[in-house]
Amino acid sequence: MDIVPLQPADYQSIVFFTGAGMSAESGIPTYRGKGGIWTKYHWEQVACEEAFRRDPEKVLTFHRERRLEVAACRPNSGHRIIAALEQQHPRVTVVTQNIDGLHGLAGSGRVIELHGSLWRLRCPRDGQRLEIKPGNDYPDRCECGAWLRPDIVWFGDNLDQDVINLAMESLAECDLFVSVGTSGTVWPAAGLPQIARRNGAYSLEINPEASENSRLYDQAYRAPATQVLPRLFPSVTGPVRA
Ligand code: NAD
């Protein structure tokens, strides 16, 4: 596959818009694809507010299992290239749908987590938030006695308005928009490529398969993230032999 390398210095502000495919090569399955979570579980039973009210222990057990899976995975070379680029360029932002924390673990500093994080808990009663770390124990209940829920966006939840605003700010200034590993089926996140396009950003899609939004991109690379990103940004990684 021919990949035209990009010169990061040609752009003022770069946004990486990432989805589950970004972490697939770290060993974290996508949700919808083969072997994905929703082929084994019903989200109605483990990933919505109603399920949490009905059976909090079942929902918390499901998320404890997800944390154990994610804790066993490391950032891949794609995450690391994005993090390294931030060291070289004044404006690199990651807007991610992922809840796994792997961008941060790779060293990215400007990460907007649209759907929250598995590594943060929230008390639905008093709004307290609690950061947790892989390997450390954490409580199931808040000091006020309420069950602590994962601070992630479940089915039927609204996105945090402050987080949306941050994402919109980054899109408003972005002139290079690189989408990695998202199917474009989860809204409102799926609307971001259209906004980037309207704002005049040059946009690329990295995904082995066509997505709902493929027609919106100026360029598409149909290959896994770790094969495309090093060739796209050789100034970060050094020349990559084909
Ligand atoms: P999705 O599962 O709907 O789609 C994943 C996309 O990634 C697909 O289009 C697939 O073709 C592509 N893909 C698979 N392997 C790839 C690779 N190696 N390189 C590049 N692309 C690859 O994921 P989504 O669009 O992110 O939406 C799913 C929702 O589920 C999101 O809200 C996300 O928060 C959540 N989710 C998060 C994680 C995580 O945190 N790692 C994992 C699964 C799902």
Side-chain angles (χ1 to χ4, degrees), residues 1-25 30 32-33 76-98 103 106 108 110-115 159 164-242:
M1 187 188 20
D2 282 342
I3 292 178
V4 184
L6 295 172
Q7 299 300 330
D10 290 348
Y11 301 93
Q12 304 263 326
S13 174
I14 305 174
V15 168
F16 289 91
F17 173 53
T18 67
M22 178 84 233
S23 296
E25 291 167 273
T30 60
R32 288 172 186 74
N76 62 51
S77 57
H79 293 106
R80 289 198 299 271
I81 287 168
I82 294 171
L85 188 61
E86 192 183 321
Q87 300 300 314
Q88 296 185 358
H89 190 280
R91 205 66 177 165
V92 173
T93 307
V94 176
V95 179
T96 189
Q97 296 166 82
N98 293 344
H103 282 295
S108 284
R110 282 176 55 83
V111 183
I112 300 170
E113 293 176 313
L114 289 174
H115 295 162
L159 273 68
I164 296 181
N165 292 346
L166 281 175
M168 289 307 149
E169 280 168 26
S170 73
L171 286 191
E173 64 178 28
C174 135
D175 52 1
L176 174 61
F177 182 86
V178 184
S179 161
V180 189
T182 176
S183 62
T185 50
V186 177
W187 287 82
L192 268 55
Q194 174 76 63
I195 296 170
R197 184 187 171 86
R198 219 170 37 221
N199 291 345
Y202 179 64
S203 62
L204 294 102
E205 175 176 55
I206 303 173
N207 193 322
E209 292 172 23
S211 74
E212 295 287 325
N213 283 325
S214 290
R215 74 200 143 74
L216 297 175
Y217 295 97
D218 296 306
Q219 172 77 54
Y221 292 116
R222 297 270 162 255
T226 64
Q227 288 180 27
V228 179
L229 285 166
R231 291 173 167 80
L232 204 52
F233 296 104
S235 60
V236 181
T237 55
V240 179
R241 263 179 275 134

Which distance, rounded to the nearest 0.5 Å, do you find between the [atom1] of [X] and the [atom2] of [Y]?
X      : Y      : atom1 : atom2 : value
Thr93  : Glu173 : OG1   : CD    : 6.0 Å
Glu212 : Thr182 : CD    : OG1   : 10.0 Å
Ile164 : Ile112 : CD1   : CD1   : 11.5 Å
Ser108 : Arg80  : OG    : CZ    : 12.0 Å
Tyr221 : Gln227 : OH    : CD    : 13.5 Å
Leu176 : Cys174 : CG    : SG    : 6.5 Å

Distance flag, aromatic centroids of Phe17 and Tyr217, threshold under 6.0 Å
no

Within the structure provided, determine whether [X] and [Y] are in side-chain contact (heavy-atom separation under 4.5 Å).
X      : Y      : value
His79  : Ser23  : yes
Gln219 : Tyr202 : yes
Phe233 : Leu6   : yes
Leu204 : Val228 : no
Pro5   : Pro234 : yes
Gln97  : Ser183 : no

Closest non-hydrogen atom pair between [X] and [Y], with its separation:
X      : Y      : answer
Pro208 : Pro224 : CG-N, 4.1 Å
Asn213 : Gly184 : ND2-CA, 3.8 Å
Arg91  : Gln12  : CB-O, 3.3 Å
Ala20  : Asn98  : N-OD1, 3.1 Å
Ser211 : Ser214 : N-OG, 2.7 Å
Ser235 : Gln88  : O-NE2, 3.5 Å

Polar side-chain atom of [X] near backbone of [Y] as donor-acceptor pair, under 3.5 Å:
X      : Y      : result
Asn207 : Ala220 : no
His103 : Ile82  : no
Asp175 : Ala201 : no
Glu25  : Ala225 : yes
Arg222 : Glu209 : yes

Given Phe16, which of Ile81, Val111, Leu85, Thr96 fulfils the side-chain contact (heavy atoms from CB on, under 4.5 Å) condition?
Leu85

Please say which of Ile3, Asn76, Ile206 ends up in a side-chain contact (heavy atoms from CB on, under 4.5 Å) with Leu229.
Ile206

Could you go through the side-chain contact (heavy atoms from CB on, under 4.5 Å) check for Leu192 and Leu114 one step at a time?
CA-CA 11 Å; Leu192 268 55; Leu114 289 174; 4.1 Å; yes

